[in-house]
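Take a look at the structure set out below.
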Amino acid sequence: MSLLTSLARLRAIERGRAQPIATVRHCHLSARPMVFIPLKLSGEAAAPLAAMLGTDPGEPRLLAVTQPRNRDLRFAWAGELAGALLPYVTGFMGETETVERRNADPYERALDAPQLIVPNRAGVAFTRLLGRSTRFRRTDGPFPVPEGVPLLGRWLTYFAERAAYPGSSLMPAATDELGRHWASGQSALEDANLAALLAWITEGPDDAAEDPLIWPPAGPATDPGFDAEVLAPAMESGSAERITEALRTQLEPTWRLVWRAIGLLRELTPGASVAQRWEHDRASYSGMSAQLAEGAPPQARRDGAVAAAARLARMERAQAAYEVQRAYDDPLVMAEYRLTGEAFAGEVVDTAPDHTEGEGRSRKLRPLVTVKTDDLVRIAPGSALGTPQRRGQGAELVSARDGLVTLKITKGMGRGRTPAPGAVPEVGERVCYSSLTDDFQGAAALPEPEETPWTHGGPPRPYEPTDEDAREEWS
């Protein structure tokens, strides 16, 4: 936990209300998101009880399994879920745009993409398990499953994997997104309770009309008291209507809370980099759709050594870029780096816009800027700098002494012999510079899968899905 977030938590305790730790929204919110609230049977890893889903706050759809330990009923439920979810997920490829790429063929990218919103991180984990339990199934042969179940499993696996990708908004968890924008006065474990976190953000925990900790859990696990006192008698009665209504009482409060969280996040202005990250999400979604259209096999249970290393490298680059973009978009996030000395802000007190380096044809324009700051600067001379005020500009730290920081601008000034208008900060302007830069990072040099060294298992065998891949708790 950072120093600024710790201070915000202490202030939340003092004031009895969650404190904002962001000034803009750092996630994309679709105009028509799909809220998905799964519920599972206690004591079973992947036995679904129910799911409530929909794109309209006033029209939730409840899908219930009256006997979760019955295999046929579980897969019938999965078939219903596929019928409700797949039209929404696949419907966005109807409108696309052609994207040109350097040194690569153009491709079709969806103009928009589906967004699944779950209550918490446990909902993402259960979605991943549902995907793994269904994507290897077959609709023919022995023990067939309803049409659409294998495709549903592949999409659920994709969304769950994308939820772990830094900066992705295809499958956000409500508690995670709220926690990135507000700091409550409770522990991180308590923040995983959606009702409790929303109470801190809205009414305040002491002013809430009802103790949020006695609300039904936001899933996927149910409350033990509900299991013993309500669900077990309902299942023993064998009444499908009674079971469904009991499950409805567990899901409807969470349904309202998730839409309330969406409303709170919508009130924040999206950050400048959110649209760019959503473009990457749209490209990823379009790529998945293309793979399915080409008949690619289901996702493997485990990545090979090269694929795992490539995935890790992509996620590390995405994490670094996400941290830089959040800081550039949000002064409150940048304040964290100002406290650690990785950034500084101040007033421009002197400039030398015509300063050059070198002689003759090698002469280069390198304007100098002097900034007076009260921040502690822990950046070494010669370090590359960036600024939120001029995203395309690059600079280099020359010196930092006695509250005066001198830097030279190295790019983003135009192609002329004099800087383009506005490229060099003017005297009296308030600026912020940081050693955080979103420079392009090339992909790691990795061998081809066929050249995987023996130390990492050697070349992987061709992957062919088998019935053993699907042998989970649903078997």
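Note that these values count all heavy atoms, side chains included, but never hydrogens, waters or copies made by symmetry.
Considering only heavy atoms from C-beta on, Y158 comes within 4.5 Å of Y285 through its side chain. The shortest distance between side-chain heavy atoms of P48 and R74 falls below 4.5 Å. With contacts defined as side-chain heavy-atom distances shorter than 4.5 Å, the pair C432/M334 qualifies. When side chains are defined from C-beta on, F75 counts as touching R137, because their heavy atoms get closer than 4.5 Å. Between R132 and R135 the shortest side-chain heavy-atom distance falls below 4.5 Å.
Salt-bridge formation is not detected for the pair E147/R138: no Lys NZ or Arg NE/NH1/NH2 atom is positioned less than 4.0 Å from an Asp or Glu carboxylate oxygen. Contact check on R180 versus E177 returns a salt bridge, with a Lys/Arg side-chain nitrogen under 4.0 Å from an Asp/Glu carboxylate oxygen. E97 and R282 are joined by a salt bridge, as a carboxylate oxygen and a charged side-chain nitrogen come within less than 4.0 angstrom of each other. The existence of a salt bridge linking D329 and R391 is confirmed by a sub-4.0 Å separation between a basic side-chain nitrogen and an acidic carboxylate oxygen. Using a 4.0 Å cut-off between a side-chain N of Lys or Arg and a carboxylate O of Asp or Glu, E245 and R248 qualify as a salt bridge.
Interatomic distance, CE of M235 versus CG of D227, reported as 8.5 Å (0.5 Å rounding). Atom CG of residue L41 and atom CG of residue L231 lie 7.0 Å apart, to the nearest 0.5 angstrom. How far CG of D176 is from CG of D191: 10.0 Å, rounded to the nearest 0.5 Å.
D281 places no side-chain N or O within donor-acceptor distance of the main-chain N or O of S168, the cut-off being under 3.5 Å. Under the 3.5 Å distance criterion, the side-chain polar atoms of R32 are left unmatched by any main-chain donor or acceptor of T55. Checking side-chain atoms of S286 against main-chain N and O of A110 turns up a donor-acceptor pair under 3.5 Å. Side chain of W182 to backbone of I21: no donor-acceptor contact under 3.5 angstrom is found.
Looking at S434 and Y328, their side chains never bring a donor and an acceptor atom within 3.5 Å of each other. Side-chain contact check for S30 and Q115: no donor-acceptor pair (N or O, by modelled atom type) lies under 3.5 Å. If you check the side chains of T222 and Q250, you find no donor sitting under 3.5 Å from an acceptor. A donor-acceptor contact under 3.5 angstrom links the side chains of T387 and Q389, judged on distance only. In this structure, a donor-acceptor pair under 3.5 Å is present between the side chains of H26 and D330. Remark: the E190 side chain and the S187 side chain contain an N/O donor-acceptor pair separated by less than 3.5 Å. Between the side chains of S2 and E336, at least one donor N or O lies within less than 3.5 Å of an accepting N or O.
The shortest non-hydrogen separation linking R61 to A84 is NH1-CB, 3.4 Å. Residues L62 and L251 share a closest heavy-atom pair of CD1-CD1, 3.4 Å. Closest non-hydrogen pair, D375 versus A345, comes out as OD2-N, 2.9 Å. Nearest approach of L116 to L85, heavy atoms of both residues: CD2-CD2, 4.3 Å. Closest of all the heavy-atom pairs between P119 and A218 is CG-O, 3.4 Å. When all heavy atoms are compared, the tightest approach of A18 to S184 is CB-CA, 4.1 Å.
Note on residues 217-252: no pairs pass ring pair (Phe, Tyr, Trp, His ring centres under 6.0 Å), not counting sequence neighbours. The list of side chain to side chain donor-acceptor pair (under 3.5 Å) pairs with a residue in residues 302-311, not counting sequence neighbours, reads D303-R311.
Under a cutoff of 6.0 Å and an axis angle of 45°, R162 and Y165 form a cation-pi pair. With a 6.0 Å cutoff to the six-membered ring centre and a 45° limit on the axis angle, R128 does not count as a cation-pi contact of F126.
With sequence neighbours left out, the ring-ring contact (aromatic ring centres under 6.0 Å, His included) criterion links W278 to H28.
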Apply salt bridge (charged side-chain N to carboxylate O under 4.0 Å, His left out) to R260 and E267, showing your working.
-> CA-CA 11 Å; R260 192 176 185 185; E267 294 175 1; over 6 Å; no

Verify side chain to side chain contact (heavy atoms under 4.5 Å, CB included) between H280 and S284, making sure each step is shown before the conclusion.
-> CA-CA 6 Å; H280 295 163; S284 174; over 6 Å; no

